[in-house]
K.L.:
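Take a look at this one; I'll ask things after.
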Number of protein chains: 2
Amino acid sequence: MSRAIDPSNIIPKYYQLANILREQIENGTWKANGTIQSERQLEQQYNLSRPTIRQAIDLLITQGYLYRIHGKGTFVSPPKLQKGILELTSFSEDMRNRGLEPGQEFLEFGLITPPKKITTRLDITDPLQKVLRIKRIRTGNDVPIGIQDSYLNLPEKKTITKEELEERGSIYVILQEKFGIYPAEADETLEVTLASEEEAALLSIPAGSPLLLNERILYSQDRKAIEFVSILYRGDRYKYYMRLTKKV
Amino acid sequence: MSRAIDPSNIIPKYYQLANILREQIENGTWKANGTIQSERQLEQQYNLSRPTIRQAIDLLITQGYLYRIHGKGTFVSPPKLQKGILELTSFSEDMRNRGLEPGQEFLEFGLITPPKKITTRLDITDPLQKVLRIKRIRTGNDVPIGIQDSYLNLPEKKTITKEELEERGSIYVILQEKFGIYPAEADETLEVTLASEEEAALLSIPAGSPLLLNERILYSQDRKAIEFVSILYRGDRYKYYMRLTKKV
DNA sequence: TATAGATAGTGGTAATGACCACATTACATC
DNA sequence: GATGTAATGTGGTCATTACCACTATCTATA
């Protein structure tokens, strides 16, 4: 049961085809490491040209759904986590993937003059420039999982209210829908630290417990640094997962 | 001084062009976030068709060197670390990037019948199948940094000797040059643990010190699991770095 | 002066056609 | 039976052509 391409649709044909194929992959139409139709067959089947077919397949390859072997065919990747950068960087999404209900408790919310460490990370030169600081305790099923401390370098005259954030749930959704800004790249580090008295109290653990510190700088589509965020995870309750794909 | 495309070369034209552009990017021909030539200009300049131009640019975009903005142009990404999966997964390369001289001390080397945990990770069903285990202490400037424990699922009748490994330095180089196997994807986790007596002794730290545990499953170009490796890093001497790029 | 519209330049999408390189299979030959 | 070769099907590369969509700028108009 394959849907068809709608030429009048504003969505590009290669994108429509990619969606159809992705759906079939997720439905288990093909088994893992099995071949899908050849490019010539898809050409016939959907009445599209080969460049368009290849463009759709290219997209699914960069998304990790398919891979090609020259002379043999196009294959379905084994069903692993397929996460984009947005999901990777969203605590809520992360929690839900682990089967936990995400929650939060605000510690700070408002415009501040950023300290040196933050101006460096966000490439801020104007000493009067302010950033939006959001510090929260993050929970999964009401158990404290981590302390998230975020510094947002928003465009002139634009800001986010606490109400918006509580309503929409995600900073990134607001950035995208309200300002047309979306994350394109991120630099990220992970290291071990020990809980200070204050951190220990916030996370309900003994001082000196090992923590996983995750720091991230987020860049928008025009490569401006838009956010510096650190998340301190309880070492006993959190495991960081990622998937790497060869770029060449 | 732009080199030219050699049509008789076995290397594809788009690949030659990508190399030329990458070189210019690294030479600093354009400033960060500046535009390169338009696609039509490149067409003229190198006497190539636009699809070929776009293919070259697409490659450099997935490699993180360039980005496009519709209606404005093609831009040079700020000079950050541009790492492929191979470099990301090689301890030696990693150390050199940090300005440390990598070293190692072998603890185990040889074919073993893998324990349950390993057969699960490597999708091994044959109970007679053996894997190559390599356990090493890894050092940077002769200071112990981590304990690396690797299990390789090699093709039938093929193996790697300790001498080869010491000579070539990297398992991945041997896999690629000797067997034509190269890493295409990896699943990776990071978590905090505390050093056992044995681990503490190997790393010259007190028992109970916090460690960063990195586990990785490597997949080859045909999506077979080829290696499971765990690296225990000294929490006080190691910080994990990565760069994420949006896939869509 | 402010605004709306036209224009030019950029990347985005798409069809058509051709040929090359790699992997597998079938078949002829030794 | 073993071996080599041809045929077939797959993805890989490339040129040509056309038109669409977004951005910035210029220009005529209110």
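Each chain gets a letter, A, B and so on, in the order its sequence line appears, and its residues count up from 1.
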K.L.:
Give a yes/no verdict on base stacking between C/dA21 and A/His70: centres under 5.5 Å, planes within less than 30° of parallel.
P.N.:
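So yes, this residue stacks on that base, both cut-offs being met.
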
K.L.:
Let me know the distance between CZ of B/Arg54 and C1' of D/dT13, rounded to the nearest Å.
P.N.:
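It works out to 16 Å between those atoms.
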
K.L.:
Which residue, A/Arg40 or A/Ile69, contacts DNA chain C at a nucleotide closer to its 5' end, judged by nearest heavy atom?
P.N.:
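The residue whose closest nucleotide sits nearer the 5' end is A/Arg40.
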
K.L.:
For D/dG11, does either OP1 or OP2 sit under 4.0 Å from a side-chain N or O belonging to A/Thr74?
P.N.:
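Checking D/dG11 against A/Thr74, a side-chain N or O does come within under 4.0 Å of OP1 or OP2.
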
K.L.:
Between A/Asp94 and A/Arg98, does at least one N-O distance fall below 4.0 Å, as a salt bridge requires?
P.N.:
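Salt bridge between A/Asp94 and A/Arg98, a charged N being under 4.0 Å from a carboxylate O: yes.
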
K.L.:
Nearest whole angstrom, please: distance from the P of D/dG12 to the CZ of A/Arg68.
P.N.:
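So the CZ-P distance, A/Arg68 to D/dG12, works out to 5 Å.
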
K.L.:
Looking only at side-chain N and O atoms, does B/Ser38 come under 4.0 Å of OP1 or OP2 in C/dG9?
P.N.:
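Negative; the distance criterion is not met.
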
K.L.:
Angle between ring planes, A/Tyr67 versus A/Phe75, binned at 30° and 60°: parallel, tilted or perpendicular?
P.N.:
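Parallel, since the angle between the ring planes stays under 30°.
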
K.L.:
Looking at B/Ser77, is its backbone amide N or carbonyl O close enough to the side chain of B/Asn33 to form a donor-acceptor pair, meaning the two atoms are under 3.5 Å apart?
P.N.:
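Checking the backbone N and O of B/Ser77 against the side chain of B/Asn33, no donor-acceptor pair under 3.5 Å is found.
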
K.L.:
Send over the distance from A/Asn9 CG to C/dA14 C1', rounded to a whole Å.
P.N.:
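Answer to the nearest Å: 15 Å.
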
K.L.:
If each of B/Ile10 and A/Asn47 is mapped to the nucleotide of DNA chain C with the nearest heavy atom, which maps nearer the 5' terminus, i.e. the 5' end?
P.N.:
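The answer here is A/Asn47.
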
K.L.:
If you compare every side-chain N and O of A/Thr52 against the phosphate oxygens of C/dA15 (OP1, OP2), does one of them come in below 4.0 Å?
P.N.:
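True: A/Thr52 side-chain N/O within range (under 4.0 Å) of C/dA15 OP1/OP2.
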
K.L.:
Look at the side-chain N and O atoms of B/Lys72 and state whether any lies under 4.0 Å from the OP1 or OP2 oxygen of C/dG9.
P.N.:
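Answer no for this pair, as no side-chain N or O of B/Lys72 is under 4.0 Å from OP1 or OP2.
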
K.L.:
State the CG-OG distance between B/Leu175 and B/Ser170, to the nearest 0.5 angstrom.
P.N.:
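That separation rounds to 8.0 Å.
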
K.L.:
Give B/Pro51 one of three labels, base, sugar-phosphate or nothing, depending on what nucleic acid heavy atoms sit under 4.0 Å from its own.
P.N.:
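It contacts base atoms.
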
K.L.:
Starting from P on D/dT10, measure out to CG on A/Leu42 and report it in whole angstrom.
P.N.:
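The answer, rounded to whole Å, is 10 Å.
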
K.L.:
Is B/Thr35 touching bases, backbone alone, or none of the nucleic acid, heavy atoms closer than 4.0 Å?
P.N.:
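B/Thr35: no heavy atom of the nucleic acid under 4.0 Å.
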
K.L.:
Go through D/dT10, D/dA18, D/dC14 for me and flag the one nearest to the B/Tyr14 side chain.
P.N.:
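Given the options D/dT10, D/dA18, D/dC14, the side chain of B/Tyr14 is closest to D/dC14.
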
